[in-house]
Engineer: 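Let me begin by handing over the structure; questions about it come next.
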Amino acid sequence: MDRETVPNLLRLHLDSVLLGATMAQALRSTLFSSGLSVSPRRVNQIGSEIASAFFSFYPERDTNLVSVLGNRLSREGLGPRSILAMTESLRKVCREHANPLVELMDVAGEFSNALLEGYMAGREETLLEIQERTHRAHLAALARQQGESEPLAPGE
């Protein structure tokens, strides 16, 4: 099968708009329960981005592009519960449309894993940045405290 036939075959069995709406619904269901800081206006855009990324991933299987998306979503403030809900929804949709595309479940798994790997890397980077800022603030506070508590020299 050539490269152009594969995405067209996927489009015959899976609607990208429906997939985007499903991803948005999964995100919407966790919008407030996971400490999510993504604007509610971005929900549909994120759903469409994930659906588009999945359709692009299907023929090429470029995990790096999907990982970058996961990293970016993490940095935007997507909560862990939300990313998990969306990857589970993706798997469910693919399970429902896997006939005759028997490899669709494997592709959904590869996509989800790459998305989650990027997401976790983004969360780790964010946490390290927060720790570094906290550490610098702590050191600055200690320095100020030491400067304020030094005894006065005679004659001051």
Engineer: List the atom of Leu14, the atom of Phe55, and the distance in Å for their closest heavy-atom pair.
Structural biologist: O-CZ, 3.3 Å
Engineer: Quick one: closest heavy-atom pair of Phe111 and Ile50, and the distance?
Structural biologist: CZ-O, 3.8 Å
Engineer: Between Ser82 and Thr30, what is the shortest heavy-atom contact and its length?
Structural biologist: OG-OG1, 2.6 Å
Engineer: In terms of hydrophobic clustering (I, L, V, M, F, W, Y; side-chain heavy atoms under 4.5 Å; direct or indirect links), are Leu73 and Val68 co-clustered?
Structural biologist: no
Engineer: For Arg28 and Asn44, run side-chain hydrogen bond (donor to acceptor under 3.5 Å, both in side chains): C-alpha distance rounded to whole Å, both residues' side-chain angles, the deciding distance at 0.1 Å, then the answer.
Structural biologist: CA-CA 9 Å; Arg28 198 172 288 109; Asn44 290 336; 2.6 Å; yes
Engineer: Test: salt bridge (Lys or Arg N to Asp or Glu O under 4.0 Å). Region: residues 108-120. Which pairs qualify, not counting sequence neighbours?
Structural biologist: Arg61-Glu110
Engineer: Between Ser112 and Gly109, is there a donor-acceptor pair closer than 3.5 Å when you use the side chain of the first and the backbone of the second?
Structural biologist: no
Engineer: If you look at every heavy atom in Leu115 and Val66, which pair is closest and at what distance?
Structural biologist: N-CG1, 3.4 Å
Engineer: When rounded to the nearest 0.5 angstrom, what distance separates CE in Met23 from OG in Ser16?
Structural biologist: 12.0 Å
Engineer: Residues in side-chain contact (heavy atoms from CB on, under 4.5 Å) with Thr63, at least two apart?
Structural biologist: Phe57, Ala114
Engineer: Can you list every pair that meets ring pair (Phe, Tyr, Trp, His ring centres under 6.0 Å) and has a residue in residues 71-105, with sequence neighbours left out?
Structural biologist: none
Engineer: With sequence neighbours excluded, tell me which residues meet side chain to side chain donor-acceptor pair (under 3.5 Å) with Asp15.
Structural biologist: none
Engineer: Mind checking side chain to side chain donor-acceptor pair (under 3.5 Å) for Glu49 and listing every partner two or more places apart, or none if nothing turns up?
Structural biologist: Arg42, Arg72
Engineer: Tell me the closest heavy-atom pair linking Ser74 and Arg123, and the distance in Å.
Structural biologist: OG-N, 3.0 Å
Engineer: Can you tell me which residue pairs pass the side-chain hydrogen bond (donor to acceptor under 3.5 Å, both in side chains) test with a partner in residues 133-143, sequence neighbours excluded?
Structural biologist: none
Engineer: Answer with yes or no whether the hydrophobic clustering places Leu19 together with Leu12; edges join I, L, V, M, F, W, Y residues whose side-chain heavy atoms lie under 4.5 Å apart.
Structural biologist: yes
Engineer: Residues in salt bridge (Lys or Arg N to Asp or Glu O under 4.0 Å) with Glu125, at least two apart?
Structural biologist: Arg75
Engineer: Which side-chain N or O atoms in residues 84-93 pair as donor and acceptor under 3.5 Å with protein atoms at least two apart or in another chain?
Structural biologist:
| unit_1 | atom_1 | unit_2 | atom_2 | d |
| --- | --- | --- | --- | --- |
| Thr87 | OG1 | Ile83 | O | 3.2 |
| Thr87 | OG1 | Leu84 | O | 3.0 |
| Ser89 | OG | Ala85 | O | 3.1 |

Engineer: Are the side chain of Thr126 and the backbone N or O of Gly122 linked by a donor-acceptor pair below 3.5 Å?
Structural biologist: yes
Engineer: Just jot down the side-chain contact (heavy atoms from CB on, under 4.5 Å) partners of Leu128, sequence neighbours excluded, or say none.
Structural biologist: Glu124, Gln131
Engineer: Between Tyr119 and Leu69, is there a donor-acceptor pair closer than 3.5 Å when you use the side chain of the first and the backbone of the second?
Structural biologist: no
Engineer: For Leu18, is there any backbone N or O sitting under 3.5 Å from a side-chain donor or acceptor partner on Thr22?
Structural biologist: yes
